[in-house]
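Comments concern the structure below.
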Number of protein chains: 2
Amino acid sequence: MALFVERGYFGTSVHDIVRASNVSIGSIYHHFGDKAGIARALYAAQTARMDALIAGIAARHPGAAARCRAIVEALFRLTEDDPVAMEFMLHVKHREFIPDEKPVCSSKPFEAMRRIVVEGIARGEIRPVDVMVASTSLFGSALRMITARLDGVLPKPLPEYLDEVWEASWRAVAA
Amino acid sequence: MALFVERGYFGTSVHDIVRASNVSIGSIYHHFGDKAGIARALYAAQTARMDALIAGIAARHPGAAARCRAIVEALFRLTEDDPVAMEFMLHVKHREFIPDEKPVCSSKPFEAMRRIVVEGIARGEIRPVDVMVASTSLFGSALRMITARLDGVLPKPLPEYLDEVWEASWRAVAA
DNA sequence: GTCTATATCATGATAGAC
DNA sequence: GTCTATCATGATATAGAC
């Protein structure tokens, strides 16, 4: 995953992975079938992890505001704790190894986030605007902050910006 | 540019470019030196174009609110008119062909956007929050909407979402 | 299941005629 | 400046011993 993040999918050779993992190329092909299989396995594991994260938050918090804030907080922490995983999810183009596409923002965790927004609108917590507009307004700032942090242009760790980011994001959509 | 966007920098071979452009490989190397030179030339032209766009808007509009709204509108129109150029700017990793990095969000057009935000804070138009937080709050939603549109998951053209997106974004930071 | 050795082909880049 | 032909390398993937 680190190699794919650092150098891209096509920029990483299977021999690079052999060197980095101390596993022979024969074993790798035995287990993953082809190069794309390696990336697919990583992607599946990562979306499952994110999905569990979101589902757990939805179960523990009532209401859209608390849930969305907890999601932003979790994403901020995850970025600091495992930046490679975060970058793999957000910035590696998985069209390169999953030919039948379907973009990240249509993956299960992102769908779960939108469901929370839909419920928030239905309950009158969130202003009745287009679901995508509400979702990007709630999470767009946080995702951009994450990108900035991964690019090394944010001086402080993300959690220190959490209160300001969340207050602004919530103002954008609060009913 | 279309090839780099479609298949990535490493996923595009110089021979692919030869086929798509009907120019010989000799001429290409004569003009651009190496493969990275082709991508660098595209990137330079594109940042210059974006920079001129932002500068023109800053010159024509007074105040942060009018300027930022005009920027979002211009980005939405540009995405519809030239999606390849927009995707090249936003989603192609130029670390792959510019080794000494410096991320997109540190490029001239993005810096110009942040300057507008700083002035807006100074004039009391925008709440006094961290500059990055204010910038991502103002433009993060729009950029996410652009990404969604480029990914083919938005049913309507971006300009139809402009009013809703802008109202939410401005609420987030308005003093 | 893991390994080494190898086959096959595409890639970035160059040479040199015109 | 443009072109064709070619090189050297490194890529994905396989074969087959253990």
Side-chain angles (χ1 to χ4, degrees), chain A residues 1-49 84-85 87-104 107, chain B residues 1-49 84-85 87-104 107:
Chain A
M1 191 156 72
L3 288 170
F4 286 145
V5 165
E6 177 90 10
R7 313 153 69 146
Y9 174 72
F10 286 111
T12 302
S13 77
V14 179
H15 288 284
D16 291 336
I17 297 172
V18 168
R19 272 187 293 274
S21 63
N22 289 319
V23 173
S24 74
I25 192 167
S27 288
I28 290 177
Y29 275 94
H30 178 77
H31 282 282
F32 297 102
D34 59 3
K35 181 184 172 183
I38 307 169
R40 276 196 304 270
L42 289 169
Y43 184 70
Q46 220 44 46
T47 48
R49 178 187 181 185
V84 168
E87 184 130 26
F88 185 81
M89 276 302 291
L90 288 185
H91 298 320
V92 168
K93 314 205 211 166
H94 49 292
R95 285 210 325 252
E96 294 183 332
F97 48 88
I98 310 180
D100 56 5
E101 210 190 329
K102 212 178 71 160
V104 208
S107 61
Chain B
M1 192 155 72
L3 288 170
F4 286 144
V5 165
E6 177 89 10
R7 312 153 69 145
Y9 174 72
F10 286 112
T12 303
S13 77
V14 180
H15 290 281
D16 290 336
I17 297 172
V18 167
R19 272 188 292 274
S21 64
N22 288 319
V23 173
S24 74
I25 193 167
S27 288
I28 290 177
Y29 274 95
H30 178 77
H31 283 283
F32 297 102
D34 58 4
K35 181 185 172 182
I38 307 169
R40 276 197 304 270
L42 289 169
Y43 184 70
Q46 220 43 47
T47 48
R49 178 187 183 187
V84 168
E87 184 130 26
F88 185 81
M89 276 302 290
L90 288 185
H91 298 320
V92 169
K93 313 204 210 167
H94 49 293
R95 285 210 324 253
E96 294 183 331
F97 48 88
I98 310 182
D100 57 5
E101 210 190 330
K102 213 177 73 162
V104 208
S107 62

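Computed from a prediction, not measured in an experiment: that's the story for all the values here.
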task = In whole angstrom, give the distance that lies between atom CD1 of A:I17 and atom P of D:dA13.
result = 11 Å

query = Does the pair B:R49 and B:M89 meet the rule for a side chain to side chain contact (heavy atoms under 4.5 Å, CB included), with working shown?
reply = CA-CA 11 Å; B:R49 178 187 183 187; B:M89 276 302 290; over 6 Å; no

inquiry  = Would the distance check show the side chain of A:Y9 and the main-chain N or O of A:R95 forming a donor-acceptor pair, the cut-off being under 3.5 Å?
reply    = no

ask   = Using rotation axes that map the C1' atoms of four end pairs onto the next four (five pairs an end), what angle separates the end axes of the helix from C:dG1-D:dC18 to C:dC18-D:dG1, to 10°?
value = 0°

message = Any side-chain N or O of A:S27 below 4.0 angstrom from OP1/OP2 of C:dC3?
response = yes

ask   = Can you list the residues that meet the side-chain hydrogen bond (donor to acceptor under 3.5 Å, both in side chains) rule with A:H15, with sequence neighbours excluded?
value = none

task = Under the side-chain hydrogen bond (donor to acceptor under 3.5 Å, both in side chains) rule, collect the residues that match up with A:H31, sequence neighbours excluded.
result = none

task = Evaluate the side-chain proximity of B:F97 to B:V92: yes if any heavy-atom separation is below 4.5 Å, no if none is.
result = yes

message = Between B:H30 and D:dC3, is there a contact of a side-chain N or O with OP1 or OP2 at under 4.0 Å?
response = no

query = To the nearest angstrom, how far is B:N22 atom CG from D:dT2 atom C1'?
reply = 14 Å

remark   = For residues 18-30 of chain B, the salt bridge (Lys or Arg N to Asp or Glu O under 4.0 Å) pairs (sequence neighbours left out) are B:D16-B:R19

request  = Using the six-membered ring of A:F10, assess whether NZ or CZ of A:K93 lies under 6.0 Å from its centre and within 45 degrees of the ring axis.
outcome  = no

note = Closest to the side chain of B:S24, out of C:dC3, D:dT4, D:dA13, is D:dT4

key: B:F4 CZ - C:dG12 C1' separation (whole Å)   = 12 Å

key: Pairing residues for B:R40 by the side-chain hydrogen bond (donor to acceptor under 3.5 Å, both in side chains) criterion, not counting sequence neighbours   = none

Identify all pairs in which a protein N or O lies below 3.5 Å from an N or O of nucleotides 5-11 of chain C, and state each distance.
none

key: Between C:dG12 (P) and B:E96 (CD): distance, integer Å   = 13 Å

task = Identify the heavy atoms of B:Q46 and B:A85 that sit nearest to each other, and give their distance.
result = NE2-CB, 3.3 Å

ask   = How close or far is atom C1' of C:dA13 from atom CG of B:D34, stated in whole angstroms?
value = 9 Å

message = Please report the distance, rounded to the nearest Å, between CD1 in A:I38 and P in D:dA11.
response = 13 Å

ask   = Taking atom C1' of D:dT12 as reference, at what distance in whole Å does atom OH of A:Y9 sit?
value = 9 Å

